[in-house]
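The structure appears below as structure tokens.
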Amino acid sequence: MLDALTVATAVAALALAAWCGWAAHRDQPTKDWHFIGMAVVTLLTLVQLVVGIVQLARGEKPEQGTTIFVSYLIGAFACVPAAGFMSLAERTRWGSITVAAGGVVLAVLQVRLYDIWGG
């Protein structure tokens, strides 16, 4: 895996979590610009997914197994969009809290992906 991409994705996820957490603190639902932030974080996870699959196709192997690695890649990719869709259903501050939680979960998944790969 690319360490810089993993760190960038984790930092962007935590920034999104802080941003949406601040919106929840101010009693605001997710707004259009929050969804732009979610799109940026999702784009980073898409790049990570493609890089991970390419590395597997080139014959590189994660330390803790390919199946768990691919499962975490897919979970990381789906994490923020799932939270975003859930926040659309809950148009209160709890929608912002949902996205903030999704950002924290994504950051934790990045640490775990790094560990699975052998970092």
Just checking, any donor-acceptor pair under 3.5 angstrom between side chains of Thr30 and Arg91?
yes

Do you know the tightest heavy-atom contact between Ser87 and Phe35?
OG-CZ, 3.6 Å

Heavy atoms, side chains only, cut-off 4.5 Å: are Asp32 and Ile36 in contact?
no

With side chain to side chain contact (heavy atoms under 4.5 Å, CB included) as the test, would you mind laying out the steps for Arg112 and Gln64 before giving the verdict?
CA-CA 11 Å; Arg112 184 70 179 119; Gln64 297 183 19; 3.2 Å; yes

Counting C-beta onward and ignoring hydrogens, is there a side-chain heavy-atom pair between Leu88 and Phe85 closer than 4.5 Å?
yes

Separation of Ser71 OG from Leu109 CG (nearest 0.5 Å)
11.5 Å

Which is it for Gln55 and Trp117 under the side chain to side chain contact (heavy atoms under 4.5 Å, CB included) test, yes or no, and what are the steps along the way?
CA-CA 11 Å; Gln55 285 184 326; Trp117 188 259; 3.7 Å; yes

Donor-acceptor pair, Thr6 side chain versus Leu2 backbone, under 3.5 Å?
yes

Of all the heavy-atom pairs spanning Ser96 and Pro29, show the shortest one and how long it is.
OG-C, 3.2 Å

Contact check, side chains of Val54 and Val50, non-hydrogen atoms, under 4.5 Å:
yes

Minimum heavy-atom distance Leu5-Gln48, with the two atoms named:
CD2-CA, 3.5 Å

Determine whether Trp19 and His34 satisfy the following criterion, side chain to side chain contact (heavy atoms under 4.5 Å, CB included), listing intermediate values before the conclusion.
CA-CA 8 Å; Trp19 189 21; His34 293 117; 3.7 Å; yes

Rounded to the nearest 0.5 Å, the CD1 atom of Ile116 sits from the CD1 atom of Ile68 at a distance of 4.5 Å

Residue pair Leu56 / Pro62, side-chain heavy-atom distance below 4.5 Å
yes

So which atom in Ala24 and which in Arg93 form the shortest heavy-atom distance, rounded to 0.1 Å?
O-NE, 3.3 Å

Audit row: Thr42, Leu46, side chain to side chain contact (heavy atoms under 4.5 Å, CB included) steps and yes/no:
CA-CA 6 Å; Thr42 302; Leu46 176 63; 5.6 Å; no

Closest heavy-atom pair and its distance - Val99, Ala83:
CG2-O, 3.8 Å

Non-hydrogen atoms of Gly84 and Met38 that approach each other most closely:
CA-SD, 3.6 Å

